[in-house]
Number of protein chains: 2
Amino acid sequence: MKRQPIPPQFRSHHPHPCDGRLPPGLPAELQQQVTELAASTVELNRGETLAHSGTAFDHLYLVLSGAFKAVKLGADGASQIVCFYEPRELMGLSGFSHRVYTTDLVALAPSVVCEFPVQAIESAVSHNRPLLDGLLAAVSESLERAELDQFILGSLTAPQKMACFLLHMQARRRRCGDDTHHFELPMTREELGSYLGLTMETISRLLSHLQAEGVAQIDKRQVHILRDDLLHVWREGGVDLPMPRRKKPQQLKFA
Amino acid sequence: MKRQPIPPQFRSHHPHPCDGRLPPGLPAELQQQVTELAASTVELNRGETLAHSGTAFDHLYLVLSGAFKAVKLGADGASQIVCFYEPRELMGLSGFSHRVYTTDLVALAPSVVCEFPVQAIESAVSHNRPLLDGLLAAVSESLERAELDQFILGSLTAPQKMACFLLHMQARRRRCGDDTHHFELPMTREELGSYLGLTMETISRLLSHLQAEGVAQIDKRQVHILRDDLLHVWREGGVDLPMPRRKKPQQLKFA
DNA sequence: CGGTCGCTTGATAATCGTCAATTGATGTGG
DNA sequence: CCACATCAATTGACGATTATCAAGCGACCG
């Protein structure tokens with residue numbers, strides 16, 4: 001993990017490490033003000049932890065490249081990934097209340113982040129209305145996303161969860177103007193399973209099934225979505241997880 | 001649903017509807033400033049919806065009495081309760097990003113809330129640092145809670161979920177200085193099941209089991225916690241859901 | 001080249017959902 | 001005031017979804 005301070009005199013100059021890596025759809029004027037708050041960049045290798053759950057909340061982090069997971073540790077040793085982060089996303093937003101990080105933030109790949117001191121952010125935000133609105137929107141959006149994940153974890157079957165996940169990956173790409181039909185998964189099957197409340201084996205079977213049905217082509221971590229329409233059918237519950245089982249369950253609803 | 005405006009000249013006077021019903025642990029000076037932002041009170045009957053998912057985000061709501069659920073509707077008709085609210089809690093915080101409510105807010109019992117216009121809040125917050133910190137902390141705390149719920153939904157067994165829920169109810173009471181060993185559940189078994197990602201039947205069995213083991217006494221919706229220690233054992237996974245089954249599963253781990 | 005890691009696939013089984021029957025509480029209209 | 005319907009809840013029997021256990025394979029690395 002290598003930290004590289006950004007000297008104040010360079011913070012408003014191009015090229016700046018955050019250029020083109022701020023959250024999409026940000027007013028040009030705001031972009032300038034945000035980059036001026038950046039204190040350092042940090043480079044991490046795969047597996048390194050940027051912030052530890054329970055330690056002092058003193059920075060927000062913007063992902064510049066690579067990917068991260070937010071891991072929540074249970075009392076007994078159970079753990080759950082509650083969020084994945086990709087470039088242009090902001091990490092650490094759940095710390096404002098208790099002033100500690102609420103999850104571990106761990107790099108899934110060699111990554112670079114930009115570090116924003118919480119103090120600087122809070123003071124900038126307190127006399128800059130657009131910046132305030134942006135920060136509130138960011139925290140609020142994370143909350144909205146977490147509520148959606150609650151829905152996914154609590155109400156959907158395994159195939160539905162997988163379809164939701166893939167459609168979410170597409171939506172992310174769309175926001176950045178990227179190709180939505182091909183992307184690379186930054187996480188292992190096990191990590192994806194943790195996030196979706198499933199096991200590695202179930203994830204593997206689901207991906208195999210997607211491939212077998214021609215919904216997507218999957219090679220290692222490379223994913224090509226071939227049939228968006230079928231993916232939506234999966235999400236609405238039109239498909240079952242195929243286990244090595246021979247009989248079809250009856251589909252009796254109100255006739 | 002009956003709305004009762006609070007005329008501006010009364011907003012800074014006692015008695016005020018919010019008195020003693022603001023979030024616990026708020027500096028006295030802030031309490032005054034918050035009450036001045038209150039625009040109306042709203043009374044609801046059981047089952048009435050205070051805010052509809054997808055409609056314009058124009059108020060935050062403070063629960064004064066009663067209780068609420070936040071319901072997320074899935075595309076196909078599935079639905080999930082993502083949060084319960086009790087007096088002194090703030091609802092609607094996930095709307096700042098997309099400017100619409102992200103869940104339905106439905107009264108679980110006859111309730112009264114206090115309505116804060118988002119516009120007034122945002123402008124007050126932009127030139128009042130303590131108020132800003134309070135709002136950020138509130139949104140951030142909701143996010144923290146949602147992440148914890150993700151952990152519960154994704155990583156715990158049914159008995160662990162139930163124990164977590166009961167312990168959370170206790171913690172809520174503790175924050176308000178109430179008795180933590182007796183409380184009333186404001187929701188039906190089905191609603192609790194939705195929140196925990198379980199069915200009504202499983203909830204019922206779990207409550208019966210808690211009673212049979214002497215962990216708690218349960219009469220309708222009245223809960224008396226008798227053995228906190230056992231409840232913690234439940235949370236750490238020391239108990240199974242007892243179905244009408246006769247054989248004990250083996251407990252083989254790494255020896 | 002041995003070892004670990006990520007992944008796949010199969011066989012088996014447990015947890016929890018589904019279906020069903022019953023009870024008590026609540027409310028409604030005749 | 002009493003059928004009658006409806007709803008919340010309890011309990012039992014059964015079974016499907018998905019976890020667990022196990023074996024094997026390729027890739028990467030020291």
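Note on naming: letters A, B, ... go to the chains in the order of the sequence lines (proteins, then strands), and numbering restarts at 1 for each one. These values consider heavy atoms only, across backbone and side chains, with no hydrogens, waters or symmetry-generated copies.
Annotation: ring-ring contact (aromatic ring centres under 6.0 Å, His included) contacts of A/F165 (sequence neighbours excluded): none. With sequence neighbours left out, B/H98 forms a ring-ring contact (aromatic ring centres under 6.0 Å, His included) with no residue at all. With sequence neighbours left out, the ring-ring contact (aromatic ring centres under 6.0 Å, His included) criterion links B/F151 to no other residue. Qualifying ring-ring contact (aromatic ring centres under 6.0 Å, His included) partners for B/H232, counting only residues two or more places apart in sequence or in other chains: none.
Of the residues in residues 67-79 of chain A, not one comes within less than 4.0 Å of DNA chain D through any heavy atom. Less than 4.0 Å separates DNA chain C from at least one heavy atom of each of the following residues of residues 189-200 of chain A: A/R189, A/M200.
Taking the six-membered ring where the residue is Trp, B/H224 and B/H182 present tilted rings, their angle falling between 30° and 60°.
Between A/R221 and C/dC7, a side-chain N or O to OP1/OP2 separation shorter than 4.0 Å is present. Phosphate contact (OP1/OP2 of C/dG6, side-chain N/O of A/R46, threshold under 4.0 Å): present. One finds a side-chain N or O of B/S208 lying less than 4.0 angstrom from the OP1 or OP2 phosphate oxygen of D/dT11. In this structure, B/S204 does not reach the D/dA8 phosphate: none of its side-chain N or O atoms is under 4.0 Å from OP1 or OP2. Proximity of A/T188 to the phosphate of C/dG6: no side-chain N or O atom is located under 4.0 Å from OP1 or OP2.
When rounded to the nearest whole Å, the span between CD of A/Q222 and C1' of D/dA27 equals 16 Å. To the nearest angstrom, C1' of C/dT9 lies 14 Å from NE2 of A/H209. Here the P atom of nucleotide D/dG26 and the NZ atom of A/K220 are 10 Å apart, to the nearest Å. Atom CG of A/L210 is separated from atom C1' of C/dT8 by 15 Å (rounded to the nearest Å). A/D219 has its CG atom 13 Å from the C1' atom of D/dA27, to the nearest Å. Across the protein-nucleic acid pair, A/L108 atom CG and C/dG6 atom P stand 12 Å apart, rounded to whole Å. Rounded to whole Å, atom P of C/dC7 lies 14 Å from atom CG of A/L206. One atom, CD1 of A/I203, and another, C1' of D/dT20, lie 16 Å apart when rounded to the nearest Å.
For residues 154-166 of chain B, the side-chain hydrogen bond (donor to acceptor under 3.5 Å, both in side chains) pairs, not counting sequence neighbours, are A/Q80-B/S155, B/T157-B/Q160.
At a cut-off of 3.5 angstrom, counting only N and O atoms as typed in the model, there is a donor on one side and an acceptor on the other between the side-chain of B/R205 and the base of D/dG12.
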Side-chain donor-acceptor pairs under 3.5 Å in residues 44-54 of chain A, sequence neighbours left out?
residue, atom, partner, partner atom, Å
A/E48, OE1, A/M1, N, 3.1
A/E48, OE1, A/N45, N, 2.6
A/E48, OE2, A/M1, N, 2.7

Can you list, pair by pair, the side-chain donor-acceptor contacts under 3.5 Å of residues 68-75 of chain B, counting residues two or more places apart and other chains?
residue, atom, partner, partner atom, Å
B/K69, NZ, B/E191, OE2, 2.9
B/K72, NZ, B/T102, O, 3.4

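Salt-bridge check for A/K220 with A/E184: failed, with every basic side-chain N at 4.0 Å or more from each acidic carboxylate O. Ion pairing between A/D178 and A/R174 fails under the 4.0 Å rule for side-chain N and carboxylate O.
Sequence order on DNA chain D of the closest nucleotides to A/T157 and A/E201 puts A/T157 first from the 5' end.
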